[in-house]
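Notes follow the structure.
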Amino acid sequence: MKKFLLVSIISLLFSCNSSAQKSKAESNTQYPVNKTDTEWKKELSPEQYYVLREAGTERPFSSHLNKNETKGTYHCAACNIALFKSEHKFDSGTGWPSFDRTIAGNVAFGSDNKLGYSRDEEHCANCGGHLGHVFNDGPRKTTGKRHCINGVALKFIPAE
Ligand SMILES: [Zn+2]
């Protein structure tokens with residue numbers, strides 16, 4: 001009987017330990033879509049990985065979406081959630097696809113100071129993929145915001 005009790009206690013200790021480790025791993029999960037770097041590398045092109053997972057910036061005027069005026073929706077290139085609508089796109093002249101607003105709730109914000117001044121970093125709220133930055137020099141007639149987005153982070157779905 002004593003031996004049985006001891007075994008029970010030991011197995012209880014082990015199960016507590018493994019569940020503690022599990023909850024630690026789970027607390028690192030910030031986004032509904034959560035993949036390892038290896039998984040993202042497999043799924044994304046090198047350019048997409050650089051922008052979305054390493055917060056890189058594509059060369060200005062390099063994206064075919066920069067001048068895209070077709071009606072439709074811009075989705076996250078990594079997880080496919082809808083992020084921007086064509087009706088909110090405008091030509092900012094900066095060389096990156098620009099929007100005056102996001103699809104609310106699907107884009108999240110954080111700050112980065114890479115260029116030495118404070119900017120609002122923008123990323124996908126569903127997978128955490130970096131998209132671009134938001135500035136306050138957008139169209140005054142609408143929101144005044146310029147969401148400056150890397151075209152490589154977007155997937156355009158034309159309206160039917
Ligand atoms: Zn995403």
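Both counts, for ligands and for their atoms, begin at 1 and track the order of listing.
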> When you measure from the side chain of Asn150 to the backbone N and O of Leu131, does any donor-acceptor pair fall under 3.5 Å?
Replying inline: yes

> Parallel under 30°, tilted from 30 to 60°, perpendicular over 60°: which one fits the rings of His123 and Tyr31?
Replying inline: perpendicular

> Just how far is it from atom OG1 of Thr94 to atom CG of Asn66, taken to the nearest 0.5 Å?
Replying inline: 6.5 Å

>> Taking side chain to side chain donor-acceptor pair (under 3.5 Å) as the definition, give me every residue that meets it alongside Glu39, ordered by chain and number, with sequence neighbours left out.
In response: Thr36

>> Quick check for you: within a radius under 2.8 Å, how many protein N, O or S atoms neighbour the Zn ion (ligand 1)?
In response: 4

>> Between Glu47 and Glu58, is there a side-chain heavy-atom distance shorter than 4.5 Å?
In response: no

> Any side-chain heavy atom of Cys124 within less than 4.5 Å of one from Cys79?
Replying inline: yes

